[in-house]
Amino acid sequence: MPTRRPCRGWRSAPIVLHRLAVAVVGAAFLIPIYWAIAASLREPGVQSPRTMEWVPISLAWDNYRQVFAMVDFRLFIINSLFVAALAVPLTIVVASMAGFVVSQIPARWRRGLIALSILCLMVPLTAIWLPRFILFKEAGLINTRLALVIPALMGTSPLYVLLFAWAFSRVPRDVYDAARLDGAGPCRVWAEVALPLARPVVVAVAVLSFVHYWNSFVEPLLLIRTTDQMTASLGLRVLYSLDRTNWPLLMTGAVVVMTPVVVLFVVAQHAFQQDARGRGIIGQ
Amino acid sequence: MQLGLMLAPYLAGLALLVILPAIAGFGLAFTEYNALQPPRFAGLANFQEVLRDDVFRIATANSLIYIVLAVPLRLAGAFLTARLLLRPTRGVRIVRAAVYLPTIVPDMAWALVWLWILNPIYGPLNQTLALFGIAGPAWMTDQVSARLAIVLMMSWQIGEGLVVCLASLQNVPRDLLDQAAIDGGSAWDTFRTVTLPAIAPALLLLLFRDTIFSFQANFVPALIVGRGGGPDFATMFLPMYVYTTAFGYLRFGYAAAITCAMYLITGLVLWLQFRAARRWGFGFGHAD
């Protein structure tokens with residue numbers, strides 16, 4: 001298909017229709033989040049409106065102060081950041097090392113490791129809930145935020161290992177060979193050659209794993225008991241259990257908890273969507 | 001040697017945190033265990049109970065209904081969006097990010113947001129429907145619309161599917177598309193004979209992955225939006241039932257048996273999908 005048609009007469013009709021459809025789809029996917037933000041800015045205690053308000057009639061920014069007073073979101077956020085601060089770097093190191101090995105070993109072994117990774121990716125998490133809970137309980141890791149970091153010891157997800165392996169295997173062989181001829185061992189080749197070349201994937205895995213640990217709900221739900229160890233997602237459930245009908249404050253809490261990941265995702269867009277030269281992980 | 005050491009944390013982690021627990025889950029299913037006293041061997045008692053359990057039957061039916069509705073909707077949504085957003089302009093890049101955005105919203109926050117959206121009187125969804133003179137359903141207080149509501153809220157989180165579809169559509173060989181255009185077939189013909197065969201493997205993998213994902217992903221919606229599987233067991237899906245059995249009634253052995261049954265059901269569904277796809281694939285090959 002031609003990339004751009006002249007925009008005149010009937011010929012431009014498909015382009016206009018296409019743009020319209022693109023805009024509608026974009027709006028449709030954003031609307032739940034918009035509704036949440038709009039509801040978070042309503043005065044609490046005022047009767048909810050019976051008809052649709054597309055533009056919020058009030059801007060009760062005070063809700064955002066109030067929600068931090070109702071539950072200790074400051075502490076929950078610090079706990080979440082604590083978990084992510086340990087888990088994200090650990091994930092990058094473990095997953096990229098494993099991915100590097102996968103990209104370097106003979107094809108026979110590589111295929112086996114890739115198959116194993118995909119297989120483990122397919123194991124339903126539900127199947128692991130109970131045994132992992134019992135394992136962590138026996139290890140005395142119940143009700144510590146440190147327990148939430150433990151999956152990072154295996155690189156969090158086989159998917160990240162596969163992403164790294166794929167990125168490293170796209171680097172021309174002679175780049176590694178040249179480094180090796182200079183006397184660098186695998187560890188140095190990984191740290192000094194491979195990782196810097198795969199920077200977009202490092203950023204992408206950092207973002208994805210941060211989102212993973214920030215969003216994680218089931219693991220904290222099973223492992224954390226007391227409020228002092230709770231993460232942001234779990235704290236949101238505490239807020240919900242306090243008052244299940246105070247919609248402005250509930251939506252304020254929801255917006256507070258989703259804001260960090262949304263902002264991070266928007267800022268890190270370039271790692272996911274590549275420029276014209278074909279870098280990045282989503283495709284062009 | 002060094003390579004082996006670099007791989008060790010990953011392999012050890014997989015063994016300890018995924019493979020071993022998955023196997024231990026099977027063992028647990030043969031015991032009576034409440035996490036307070038040591039487990040007691042119970043033979044096949046848990047499995048016999050699963051077969052007689054009415055709630056298990058309801059949960060299985062709910063999960064299957066959910067899979068049948070949600071998976072095709074999610075795949076179609078991901079595929080159509082990818083088609084629409086295939087060629088990257090500035091605007092398209094922004095919209096791609098917008099489509100992906102709901103996928104990264106924390107499950108708990110997403111559930112709360114939808115609890116509000118689905119509020120039958122004050123919620124923005126029914127108020128929007130009212131603008132068009134449509135009286136919206138009672139959503140989470142009605143069994144049928146409650147199930148639909150969970151399907152609806154999960155069809156926004158299709159970012160992963162979008163990425164897979166975009167990547168595979170971009171890998172369709174350009175020259176084949178050009179050749180088809182020269183041959184003068186209709187757009188539908190080109191799609192059927194060139195695009196579809198090229199992306200079929202990726203779509204199939206996505207179908208499997210989304211089926212496995214969908215079996216478990218409705219846990220948080222059922223817990224929060226369905227307030228623990230309600231109304232009247234309408235959103236009591238299998239993971240919700242596993243959770244209730246283990247952490248509500250402290251029956252870990254029985255919960256493990258339900259998990260095993262869930263494994264089996266997931267496997268069965270995947271097998272049916274695989275057979276259907278192969279058949280469809282064969283018919284396709286001959287038609288050329």
Can you tell which part of [X] gets under 4.5 Å to a heavy atom of chain A, answering side chain, backbone, both or neither?
{"X": "Leu162(B)", "value": "neither"}
{"X": "Leu85(B)", "value": "side chain"}
{"X": "Met262(B)", "value": "side chain"}
{"X": "Leu112(B)", "value": "both"}
{"X": "Asn171(B)", "value": "neither"}
{"X": "Ala255(B)", "value": "both"}
{"X": "Phe219(B)", "value": "side chain"}
{"X": "Val220(B)", "value": "side chain"}
{"X": "Leu3(B)", "value": "both"}
{"X": "Ile212(B)", "value": "side chain"}
{"X": "Leu238(B)", "value": "neither"}
{"X": "Thr81(B)", "value": "side chain"}

(request) Begin from the C-alpha positions of Asn126(B) and Ile121(B) and carry the test side chain to side chain contact (heavy atoms under 4.5 Å, CB included) through to its verdict. (result) CA-CA 7 Å; Asn126(B) 273 7; Ile121(B) 300 164; over 6 Å; no

(request) Give a yes or no on whether the ring-centroid distance for Trp110(B) and Phe217(A) is below 6.0 angstrom. (result) no

(message) So that I know where these two stand, are Tyr33(B) and Tyr254(B) an aromatic pair - ring centroids less than 6.0 Å apart?
(response) no

(message) At a 4.5 Å cut-off on heavy atoms, which part of Val262(A) comes close to chain B: side chain, backbone, both, or neither?
(response) both

(message) Between Ser216(A) and chain B, with a heavy-atom cut-off of 4.5 Å, which part of the residue counts as in contact: side chain, backbone, both or neither?
(response) neither

(request) Give the ring-plane orientation class for Phe133(A) versus Phe252(B), where under 30° counts as parallel, over 60° as perpendicular and anything between as tilted. (result) parallel

